[in-house]
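Scroll down for the structure; my scribbles are underneath it.
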Amino acid sequence: MMEWIQFIATAVCLLAGVFAFAVAVIGVARFEFVLNRLHAAGVGDTLGIFLIVLGCVIAAGFSLDALKLVLLIFFMWFTSPVSTHYVAQVEYFTNRQLEKYVRFIGEAENGSDTDGDS
Amino acid sequence: MSVQDAYQLLYIIVLLMLGALIAVMLIRSVTTKGVMERILCVNMLSTMVICMIAILSRMLNEPYLVDVAVIYAMISFVTVLMLSLTHIPPGKKRARFMAARREGGAGADGRRLEGKEPEAKAADGDGKRA
């Protein structure tokens with residue numbers, strides 16, 4: 001009976017993780033601007049990998065395997081925001097048509113001649 | 001139906017779903033325009049591959065595949081970092097880079113801007129983008 005409870009918890013975690021990944025993939029595939037896509041990709045990078053690896057941890061029980069899986073969760077949580085930050089930074093510094101997608105709040109307050117766009 | 005059979009069925013279903021999502025992401029990374037869009041799609045794809053390897057280690061009951069997943073995560077992180085740093089240098093070099101690009105015109109992203117023109121025009125068409 002205890003094994004079936006463990007199995008149901010694993011199944012719920014894995015299927016919820018796949019649902020989070022499906023949401024992230026739909027967002028990345030259908031948005032057109034990169035920063036919108038980053039917003040969608042963050043769902044899969046944090047919640048999706050957390051739920052799927054948590055399902056694997058529940059299935060593994062107390063072992064060294066589960067400890068390494070927890071280490072994988074923390075590694076992904078530290079590295080995926082950094083890579084997201086760099087992608088957003090490159091987009092901010094190299095995209096010259098950024099005003100078509102993004103409204104700069106600071107510049108809108110300083111220069112009054114920039115109203116009317118976007 | 002024992003617990004082991006149920007686990008195998010669950011792992012196969014989840015792996016098939018993740019494989020379908022990876023196929024969607026791979027097709028999208030080829031058909032989209034721009035450099036950072038592709039890098040972002042490949043980053044998303046590698047995250048799902050890491051999850052697949054973690055599930056596979058439980059499915060085959062071989063713990064060393066978790067080490068493979070950790071190494072894959074490191075390689076994915078370094079890949080995205082290096083591909084981003086080829087477009088713009090970090091730290092104090094950035095100000096000189098931006099000044100040189102402002103004076104010199106096209107610079108590092110000349111090819112990228114040409115590729116981005118039709119997408120921006122298409123995005124103006126729907127009128128809902130802010």
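Note on naming: letters A, B, ... go to the chains in the order of the sequence lines (proteins, then strands), and numbering restarts at 1 for each one. None of these values were measured; they are calculated from a predicted model.
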Contact origin within [X] toward chain B - heavy atom pairs under 4.5 Å:
| X | result |
| --- | --- |
| A:Phe75 | side chain |
| A:Thr84 | neither |
| A:Leu38 | both |
| A:Ile52 | side chain |

**Study point:** residues 19-26 of chain B: residues contacting chain A (heavy atom under 4.5 Å, by number)
**Key:**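 Result: B:Leu21, B:Val24, B:Met25.
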
Going only through I, L, V, M, F, W and Y residues with side-chain contacts under 4.5 Å, is there a path from [X] to [Y]?
| X | Y | result |
| --- | --- | --- |
| B:Val30 | B:Met48 | no |
| B:Val49 | B:Val42 | no |
| A:Trp4 | B:Tyr11 | yes |
| A:Ile73 | A:Leu71 | no |
| A:Val53 | A:Leu67 | no |

For [X] versus [Y], what's the shortest heavy-atom pair and its separation?
| X | Y | answer |
| --- | --- | --- |
| A:Ala29 | B:Arg28 | O-NE, 2.9 Å |
| A:Val90 | B:Ser84 | CG2-O, 3.4 Å |
| B:Met36 | A:Val34 | CB-CG1, 4.3 Å |
| B:Met44 | A:Gly44 | CE-CA, 3.8 Å |
| B:Pro63 | A:Lys68 | O-NZ, 3.9 Å |
| B:Arg58 | A:Ala59 | NH2-O, 3.9 Å |

Point to revise | Closest-packed option against chain B by number of heavy-atom pairs under 4.5 Å, given A:Val28, A:Ile26, A:Leu64 | key: A:Val28

Check your understanding: Taking every heavy-atom pair that is under 4.5 Å apart, which of A:Cys56, A:Ser63, A:Gly17 has the most such pairs with chain B?
Key -> A:Cys56

First locate atom [atom1] of [X], then atom [atom2] of [Y], and finally report the distance between them rounded to the nearest 0.5 Å.
| X | Y | atom1 | atom2 | answer |
| --- | --- | --- | --- | --- |
| B:Leu10 | A:Ile8 | CG | CD1 | 11.0 Å |
| B:Cys51 | A:Leu72 | SG | CG | 8.0 Å |
| A:Glu91 | B:Ile39 | CD | CD1 | 10.0 Å |
| A:Glu3 | B:Tyr7 | CD | OH | 8.0 Å |
| A:Asp45 | B:Thr47 | CG | OG1 | 4.0 Å |

**Study point:** Residues that, via side-chain heavy atoms closer than 4.5 angstrom, fall in one hydrophobic cluster with B:Ile71
**Key:** B:Ile75

So what's closer than 4.5 Å to chain A heavy atoms on [X]: side chain, backbone, both or neither?
| X | result |
| --- | --- |
| B:Val70 | both |
| B:Phe77 | side chain |
| B:Met59 | neither |
| B:Ile55 | both |
| B:Asp67 | side chain |
| B:Ser2 | backbone |

Check your understanding: Do B:Leu83 and A:Tyr86 touch side chain to side chain, with heavy atoms closer than 4.5 Å?
Key -> no

